[in-house]
Amino acid sequence: MEKTFQPANIETRWYEYWEQQGYFRPRGGEHAYSIMIPPPNVTGSLHMGHGFNNAIMDCLIRYHRMQGDNTLWQVGTDHAGIATQMVVERQLAVAGVSRHDLGREAFLEKIWAWKAESGGNITRQIRRLGSSVDWSRERFTMDESLSNAVREVFVRLYDEGLIYRGKRLVNWDPVFNTAISDLEVLNEEEQGSLWHLRYPIEGEDGQLVVATTRPETVLGDTAVAVHPEDERYRHLVGKQVRLPITGRLIPIVADDYVDREFGSGCVKITPAHDFNDYEVGKRHNLPLINVLDRNGCILGEFTVLTFTGYATAHGEKGPEQYAGQDRFDARKQIVAEFEQLGLLEKIEPHTLKVPRGDRSGAVIEPWLTDQWYVKVDELAKPAIDAVEDGRIQFVPKQYENMYFAWMRNLQDWCISRQLWWGHRIPAWYDSHGKVYVGRDEAEVRSRYKLDADTSLQQDDDVLDTWFSSALWTFSTLGWPEDTKDLQTFHPTSVLVTGFDIIFFWVARMIMMSMHFLKHPDGSPQVPFRTVYVHGLVRDSQGQKMSKSKGNVLDPIDLIDGIELEPLVQKRTAGMMQPQLGKKIAQQTRDEFPEGIAAYGTDALRFTFCSLASTGRDIKFDIGRIDGYRNFCNKIWNAARYVLMNCEGQDCGSDPALPVTLSLADRWIVSRLQQTAREVEHAINQYRFDLASQALYEFIWNEYCDWYLELSKPVLWDESASPELQRGTRRTLITVLEAWLRLLHPFMPFITEEIWQRAAPLAGVEGPTIMLQPYPRCDESAVDTAANADIEWLKSVILGVRNIRGEMNVPPGRSLALLCRHGGDSDRRRLRENTAFLTKLARLESIEWLLPEAEAPVAATALVGELELLVPMAGLIDKDSELARLGKEIEKLEKEQARLQGKLGNSSFVDRAPAEVVARERDKLAAQQQALEKLRRQEEHIRRL
RNA sequence: AGGACCAUAGCUCAGGUGGUUAGAGCGCUACCUUGACAUGGUAGAGGUCGCCAGUUCGAAUCUGGCUGGUCCUACCA
């Protein structure tokens, strides 16, 4: 074995072996356990969030697989409509080609080609993480079977009246030229202006001042609204104003939507370009005038509609000087024109919420279009019930509030997108625009009895990506067929995800699953029984990782390592602003002067698990993974030591030969059981931080620091009995073998590598650790007496070491130890553990002093009643021993004072439970005794 | 505007149902290359648990308020 752990040498080798052997597939069995991977973008690449998410899921999956469950981890990728189409469009743009130049079919071919080219990237990376997903069942949201499920759901919902087509205002992205859902709009506060514009009142001299943040929409104004009880304007209601620039006459209406305090108290109403105005317009039956085209430019000819009949829409010529102008250019010019006309009252600086597309960053335009919607009220109800009554549980529970708040205030979901990449909507139109919905054109014709002469045109739009994602738990298992897989693995066991997609994905999965899947008794099937919601991975400062901040870490770079220069290159490539690139380069050089070391997958995964506490932010500090890489090395070397001492030796596998277990052997076996219990409990609570901490402490602080050291006096003592040596070897190897299994879900590679060599020595056979049983706590092996004895042993050794350390006694120098006072158990323990003590505390002798005997001048340590004395002659100087004692005494005095105060308080003594009072009394007595001894000792030394 | 969450050592975080000498890792100090490991060992230093009240014999822990921070939702032109 290498002297240090080299992850690169083993990881891909084991992964390929596991995959080839088919170990990731479900193995049958009574209990099914299943997890659906949140499908990553097929053309995407792994980020820290994926790394974190996968580490948790694989941990759960391997844990359950080792427990013998029929375990499925379903893998697959998402077509990610907008994101993917955007990437390909950008590639084309470099060559000066637009998707319209190519046409729909050719463009889709390009995307499929891009998917074929880059689609393997993400799955390769998932393999590098060690994720034990069943690749034989890999799915893609646009596979035929999944597309079939999408069409089925669409048609059924339409037939039930839960999908409808309607014309209304939508969030329109003028850059991507598509509608998006409310969720995809980010409202951020930005600095803007409030323009106060004067509208002349018709038939009177005065003017009404309206305040607006969007002057360009004046072209589409169809009213001015005031508050019905506003004395300033009451008399004007029913009159008209003449809209500047267009010259149109529009009414003054009264509506209590208006806030009298804000601006001038008059609001211009533009029903076709503002969600609020739309509602006001509806109430007052105002016309809607659309003045913008799909790109956010002013139309040459406006469209005028009414709420009572969209069909009566007609065109109206707009002002020529604005035709074709971008909305923001038009804004400037319109303001200028108002100024020229003397109709600009004033401009105030104003902060406002600006809606932007989450992908494009473009300012979203409320725009009047025909779109498809899902009516969500009816779907939401059972989905709320399921969480309320606990059929679905969120971990941590507080996310249920977030879920409820959103679900109880749902707007209909706009599902159509004016994109080309995605599931095309299964709706067809005849030449009159009448719509027919069906699974395909043939079905539509037969369903609606349309003859071959009727020409049908399929809807051009595709569905929101989240529509197909919402079906993920069951579409991947073969729905709408009632497959064996569905019966076995649905509902799935747990969903592991970040809180950022609870609305996008989690809520919609619950709604869809419960609507379409039923248990044999007819009750709805939830998609998963538990939602484990974890935090989002951020940088060490708590900042979101983003390309523009230049703080992105690639999990693969943490696994393989990366030199500084390539890292700088990677972080600054394709920067829009060169200045930003410079800053990022500098920042990167400061943070990673040596680049990033190759930490390996196990260290990375363990780091993720250790960070998985209940918080919302997961700050990723490189120091953490550094520490866990060292932990891997510790494991490696512990194994090296064990193998070195066991290979080719008698490890007690022959049952005919007698075996004696030492105290240390019994203790470590006992602690192993307790650790197994802790880990199991923590995993069941989704506390991977606590599980990993328990493992870390057991392996490093107990197995390595103490047990391996305690094994040395036995193995190196030529006079030790063969039974004892056999017992220690047997314990060394079997405990190692057991905790390797315990650790395997967290660190799959290093555990497999070592296990392959350790298992035969421990008498365990099998082709792989990943199919071995997961260790469980054997309560009968929990040995509290052994635990207590070892705690005592540690205290004695620590006492001597403390004297040695504080007194600056050279580590090589052996000490003579004298013992005084102490009870029978101290005598027994001392007698039984002489060999351990001598070696670990580096003693040359241990002797008892009679209680009354004159002790030599010595440094002292106390272990309960037992007094340890290390003679000072030639070793220890007076002043430092006095200082050391002083420190101890001070500590005890403080504690004594605290306890005395407490016990002197009659209300404590009277009212606290008797056992608590007794405990405090015992404590005080022990402290006082110890204090007395130390004071005597201090006096003794002072007199020298 | 409404709601959620957070505040513990220099940094990152643990601390079911109130009683611990308040813990860990990293960092820091001193010493040590002893036959698994310097990606190591040994011994240390470091905290009035954000602030103020309250409940209680007793509060890091429970309640209320305040301050500071993060986030989500919402139609202020």
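Below, chain A is the first sequence line, B the second, and so on; all start at residue 1.
- With C1' as the reference atom, B:rA43 and B:rC51 are 38 Å apart, rounded to whole Å.
- Side-chain proximity of A:Leu690 to the nucleotides B:rC75, B:rA36, B:rA14 is greatest for B:rA14.
- Here the separation of B:rG47 from B:rA14, taken at their C1' atoms, is 15 Å to the nearest Å.
- Under the Watson-Crick and G-U wobble criteria, each requiring two contacts below 3.5 Å, nucleotide B:rA7 is paired to B:rU67.
- Counting non-hydrogen atoms under 4.0 angstrom, A:Ala638 reaches a base of the nucleic acid.
- If you take atom C1' in B:rG18 and the same atom in B:rC76, they sit 47 Å apart, rounded to whole Å.
- The shortest distance between the side-chain N/O atoms of A:Thr213 and the OP1/OP2 oxygens of B:rA77 is not below 4.0 Å.
- For the residue pair A:Asn187 / A:Arg356, no side-chain donor-acceptor distance below 3.5 Å is found, with atom types taken as modelled.
- Between B:rA77, B:rU20, B:rC57, one nucleotide has an atom nearer to the side chain of A:Lys902 than all others, and that is B:rU20.
- Of the C1' atoms belonging to B:rU21 and B:rA7, the separation is 25 Å, rounded to the nearest Å.
- Within 4.0 Å of A:Asp705, counting heavy atoms only, lie sugar-phosphate atoms of the nucleic acid but no base atom.
- Out of B:rC57, B:rA24, B:rC37, the shortest distance to the side chain of A:Asn633 is found at B:rC37.
- Looking at residues two or more places apart in sequence or on another chain, you find no ring-ring contact (aromatic ring centres under 6.0 Å, His included) involving A:His681.
- Taking atom CG of A:Leu536 as the reference point, atom C1' of B:rC5 lies 14 Å away to the nearest angstrom.
- Among the atoms of the strands shown, none is found under 4.0 Å from any heavy atom of A:Val642.
- With no hydrogens or angles considered, a side-chain donor-acceptor pair links A:Asp221 and A:Thr270 at under 3.5 Å.
- Contacts of A:Asp259 with the nucleic acid, taken as non-hydrogen atoms under 4.0 Å apart, include base atoms.
- Between the side chain of A:Glu709 and the base of B:rA36 there is at least one donor-acceptor pair of N/O atoms closer than 3.5 Å.
- Within the 4.0 Å cut-off from OP1 or OP2 of B:rU21, at least one side-chain nitrogen or oxygen of A:Lys923 is found.
- Separation of the P atoms belonging to B:rC28 and B:rG19 is 35 Å when rounded to the nearest angstrom.
- Mapping A:Leu611 and A:Gly805 onto RNA chain B via the closest heavy atom, the residue that lands nearer the 5' end is A:Leu611.
- Nucleotide B:rU73 holds its P atom 11 Å from the CD1 atom of A:Ile502, rounded to whole Å.
- Nucleotides B:rU73 and B:rG15 have their C1' atoms positioned 32 Å apart, rounded to a whole Å.
- When rounded to the nearest whole Å, the span between CG of A:Asp626 and P of B:rG25 equals 15 Å.
- With a 4.5 Å cut-off on side-chain heavy atoms, A:Leu344 and A:Arg198 do not count as touching.
- Here A:Arg919 lies in heavy-atom contact (under 4.0 Å) with sugar-phosphate atoms only.
- A residue-by-residue look at A:His350 and A:Asn187 shows that A:Asn187 has its nearest nucleotide of RNA chain B further toward the 5' end.
- One C1' atom belongs to B:rG40, the other to B:rU34, and the distance between them is 12 Å to the nearest Å.
- For the 3.5 Å distance criterion, the side chains of A:Asp602 and A:Tyr628 fail to qualify, holding no donor opposite an acceptor.
- Residue contacts shown for A:Phe262 include a base, since a base heavy atom lies under 4.0 Å away.
- Computed from coordinates, the A:Asp274 CG to B:rA77 P distance equals 9 Å when rounded to whole Å.
- If you check every strand for non-hydrogen atoms under 4.0 Å, A:Trp700 touches sugar and phosphate atoms only.
- Nearest nucleotide to the side chain of A:Lys634, out of B:rC57, B:rG19, B:rC37: B:rC37.
- For A:Phe262 and A:His350, the gap between ring centers is short of 6.0 Å.
- The separation between A:Met402 atom CE and B:rC72 atom P is 8 Å, rounded to whole Å.
- Residue A:Gln896 is out of contact with every strand shown, counting any heavy-atom pair closer than 4.0 Å.
- The listed nucleotides are B:rU73, B:rU56, B:rA77; the one nearest the side chain of A:Leu183 is B:rU73.
- The side-chain contact (heavy atoms from CB on, under 4.5 Å) test with A:Arg629 singles out one residue from A:Phe606, A:Phe5, A:Tyr599, and that residue is A:Tyr599.
- Using N1 to N3 plus N6-O4 or O6-N4 for Watson-Crick, or N1-O2 and O6-N3 for G-U wobble, each under 3.5 Å, B:rG23 pairs with B:rC13.
- Separating the CG atom of A:Asp617 from the P atom of B:rC13 is a distance of 8 Å, rounded to the nearest angstrom.
- To the nearest whole angstrom, the two C1' atoms, one in B:rU55 and one in B:rC62, are 8 Å apart.
- A:Cys632 comes within 4.0 angstrom of nothing in the nucleic acid, heavy atoms only.
- At the heavy-atom level, A:Lys3 lies under 4.0 Å from the strands shown only through sugar-phosphate atoms.
- Judged by distance alone, the side chains of A:Gln6 and A:Thr4 do bring a donor and an acceptor atom under 3.5 Å apart.
- Considering only the side chain of A:Pro913, B:rC57 comes nearest among B:rG40, B:rA36, B:rC57.
- In this structure, B:rC37 makes no Watson-Crick or G-U wobble pair, since no nucleotide meets both defining distances under 3.5 angstrom.
- In this pair, A:Phe698 and A:Tyr703 present their aromatic rings tilted. The plane angle is within the 30 to 60° band.
- Heavy atoms of A:Tyr257 sit under 4.0 angstrom from at least one base atom.
- A distance cut-off of 5.5 Å between ring centres, combined with a plane angle under 30°, places A:Trp716 in a stacking arrangement with the base of B:rG35.
- Between A:Arg640 and B:rA36 there is no side-chain polar atom (N or O) within less than 4.0 angstrom of OP1 or OP2.
- When heavy atoms are screened at a 4.0 angstrom cut-off, A:Arg801 is found touching the sugar-phosphate backbone but no base atom.
- When the P atom of B:rU73 is taken as reference, atom CD of A:Glu188 falls 11 Å away, rounded to whole Å.
- Dashed line: the shortest gap from a side-chain N or O of A:Asn630 to OP1 or OP2 of B:rC37 is not under 4.0 Å.
- Put simply, A:Arg687 has a side-chain N or O that comes within less than 4.0 Å of OP1 or OP2 on B:rG15.
- OP1 or OP2 of B:rA36 sits under 4.0 Å from a side-chain N or O of A:Lys712.
- Defined by atom type and a distance below 3.5 Å, a donor-acceptor pair is missing between the side-chain atoms of A:Asn701 and A:Tyr696.
- Counting non-hydrogen atoms under 4.0 angstrom, A:Lys619 reaches the backbone sugars and phosphates but no base.
- Atom P of nucleotide B:rC5 and atom CG of A:Asp500 are separated by 19 Å, given to the nearest angstrom.
- Nucleic acid contact for A:Leu798: sugar-phosphate only, since backbone atoms but no base atoms lie under 4.0 Å from a heavy atom of the residue.
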